[in-house]
Amino acid sequence: MSILHIVNKSPYERNSVERAVEYLRDGDRLLLIEDAVYAVIRGGKAASLIDGRNAAVLGPDLAARGIAEEKMIDGIEVVDYAGFVDLVEACDKTQSWL
Amino acid sequence: MKLTIQVNEGPYQHQASDSAYHFTKAALEKGHEVFRVFFYHDGVNNGTRLTTPPQDDRNIVARWSELAEQHDLDLVICVAAAQRRGIVDDGEAERNGKDATNIAPGFRISGLGQLIEGGIQSDRLVVFGD
Amino acid sequence: MATKKFMYVNRRAPYGTIYAWEALEVVLIGAAFEQDVSLAFVDDGVFQLMKGQDTSGIDMKNFSPTYSALGDYEVTKIYVEKESLEERGLTLDDLQHLVWEDEDDDWAEKDSIRLVSRAELAEVFAGQDVMFNF
């Protein structure tokens with residue numbers, strides 16, 4: 001059964017992004033919210049953790065932190081809160097890596 | 001889809017309550033059912049009506065109260081966590097001999113069983129925290 | 001309503017914050033609801049199970065003995081992530097020996113702790129219905 005892995009911590013402060021990625025299985029999704037959105041910055045050390053992982057990121061949290069779309073690595077899906085709800089519905093359960 | 005939302009952090013210190021609020025609102029707007037919002041750990045501090053944020057800032061507590069009124073939401077504050085942190089309603093004031101209450105409109109204080117019931121009754125549990 | 005598989009995920013060390021203790025309170029209350037319960041200890045969560053905790057010097061409640069009572073609450077599946085344990089310089093010997101009594105096997109005492117790899121625990125997570133996070 002698929003899991004939506006939700007991470008809200010900066011990968012430069014905590015290991016939550018790294019750990020969530022290690023627990024990702026086929027069919028699971030990764031959603032970055034709050035300070036975890038810093039992981040998408042191109043050229044950042046943490047970007048390699050999520051590259052090619054079909055990750056989604058919460059747009060309002062990106063915008064709040066001044067991360068323009070062109071600063072992002074490719075292949076990241078940007079969602080709004082409605083899209084967040086859709087991801088929760090699309091997966092069988094959620095795991096918040098607090 | 002039927003949802004239970006868990007909020008583990010208080011207002012303003014962490015973004016958790018804001019994220020939970022925007023998520024809950026979006027879910028309701030999409031026609032999903034929110035079975036319950038459960039406030040745990042410092043999240044119980046979302047339920048005090050005594051907060052006074054600056055006028056140019058959002059009022060997190062009032063926002064929850066308004067959402068509850070509009071959608072008949074069940075906002076539940078964990079009793080054990082609330083007792084530790086001084087969130088008090090009439091029943092708690094009477095039981096524990098407190099001289100005041102501070103619970104905000106639309107919130108109620110109840111047991112941890114309410115979270116477990118949320119896990120059993122809902123299609124999804126979504127947790128917001130630190 | 002059918003029984004659900006509940007997984008309580010513990011990733012916090014005790015005492016520095018209240019998350020570990022209040023998470024355990026949920027597990028104890030939840031036990032009355034007769035769901036299929038598992039606990040996972042990952043990252044700093046493994047520190048919750050350390051032997052020999054003595055909080056007398058910090059005037060906080062030592063809640064570590066409560067873990068050994070979990071078997072009486074029919075909480076018998078306690079997963080400890082091997083990598084997290086090893087990264088922190090610990091082995092199973094550093095943790096409390098948690099057991100439960102199997103009434104279907106003449107009350108034989110059995111180990112509650114299952115030492116599993118990250119990949120194995122990910123598979124266990126996949127089989128759950130609800131994940132509780134603190």
Side-chain angles (χ1 to χ4, degrees), chain B residues 1-10 13-17 19-20 23-24 27 32-47 76-87 109-130, chain C residues 1-40 42-45 48 55 58-63 66 69-70 73-75 77 124-134:
Chain B
M1 150 175 83
K2 199 193 281 191
L3 289 156
T4 289
I5 319 288
Q6 183 182 333
V7 183
N8 288 348
E9 298 299 334
Q13 181 82 17
H14 292 273
Q15 200 186 340
S17 181
S19 297
F23 176 85
T24 303
H32 296 295
E33 179 189 347
V34 175
F35 177 74
R36 180 165 294 150
V37 184
F38 189 83
F39 296 87
Y40 197 42
H41 302 304
D42 275 358
V44 299
N45 291 316
N46 286 285
V76 177
I77 291 173
C78 167
V79 62
Q83 285 173 342
R84 288 189 178 113
R85 295 163 178 88
I87 303 297
I109 295 178
S110 188
L112 272 174
Q114 300 278 308
L115 171 62
I116 305 296
E117 192 195 14
I120 294 171
Q121 298 286 340
S122 303
D123 301 309
R124 303 285 185 280
L125 171 67
V126 186
V127 185
F128 295 88
D130 180 21
Chain C
M1 186 170 280
T3 300
K4 281 193 174 180
K5 288 188 169 180
F6 278 12
M7 173 59 81
Y8 297 92
V9 183
N10 299 282
R11 296 180 61 239
R12 313 265 198 179
Y15 310 118
T17 58
I18 199 171
Y19 300 105
W21 172 224
E22 287 190 330
L24 190 54
E25 287 189 327
V26 177
V27 174
L28 296 175
I29 297 290
F33 287 76
E34 298 186 341
Q35 303 297 303
D36 182 355
V37 170
S38 299
L39 270 61
V42 181
D43 293 314
D44 282 354
Q48 292 181 32
T55 58
I58 59 170
D59 196 23
M60 288 171 75
K61 183 186 165 90
N62 179 358
F63 57 89
T66 310
L70 287 174
Y73 286 84
E74 293 181 37
V75 176
K77 292 183 289 240
V124 173
F125 282 1
Q128 302 297 313
D129 294 312
V130 189
M131 313 289 286
F132 287 87
N133 307 115
F134 303 97

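Letters A, B, ... are given to chains in the order of the sequence lines, protein chains preceding strands, and every chain is numbered from 1.
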Check: Does any heavy atom of chain C fall under 4.5 Å from the side chain of B/Glu9, the backbone, both, or neither of them?
Finding: side chain
Check: Does a sphere of radius 6.0 Å around CZ in C/Phe63 hold more than 12 heavy atoms from other residues, nucleotides or ligands, not counting ones at 6.0 Å or beyond?
Finding: yes
Margin query: How close do B/Asn8 and C/Asn133 get, counting heavy atoms only, and between which atoms?
Written below: ND2-O, 3.4 Å
Notebook entry, point to check: Side-chain contact, heavy-atom cut-off 4.5 Å: C/Ile18 with B/Arg84?
Noted result: yes
Notebook entry, point to check: For C/Ala23 and B/His41, which heavy atoms make the closest approach, and how far apart are they?
Noted result: N-CE1, 4.4 Å
Notebook entry, point to check: What closest approach, in Å, do C/Glu25 and B/Ala80 show between heavy atoms, and which atom pair accounts for it?
Noted result: OE1-CB, 4.3 Å
Notebook entry, point to check: For the candidates B/Gly111, B/Gly119, B/Ala81, which exhibits the highest count of non-hydrogen atom pairs separated by less than 4.5 Å from chain C?
Noted result: B/Gly119
Next item on the list: Could you tell me the separation between the CD atom of C/Glu34 and the CD1 atom of B/Ile120, rounded to the nearest 0.5 Å?
Entry: 10.0 Å
Checklist line | Which portion of C/Gln35 sits near chain B, non-hydrogen atoms under 4.5 angstrom | finding: side chain
Next item on the list: May I have the step-by-step check of side-chain contact (heavy atoms from CB on, under 4.5 Å) for B/Val127 and C/Phe134, ending in yes or no?
Entry: CA-CA 8 Å; B/Val127 185; C/Phe134 303 97; over 6 Å; no
Checklist line | Under 4.5 Å from any heavy atom of chain B - which part of C/Val26 | finding: both
Margin query: If you count every heavy atom of other residues, nucleotides or ligands that lies below 6.0 Å from C/Lys5 atom NZ, does the total exceed 12?
Written below: no
Check: To the nearest 0.5 Å, how far apart are OH in C/Tyr19 and CG in B/Asp130?
Finding: 4.5 Å
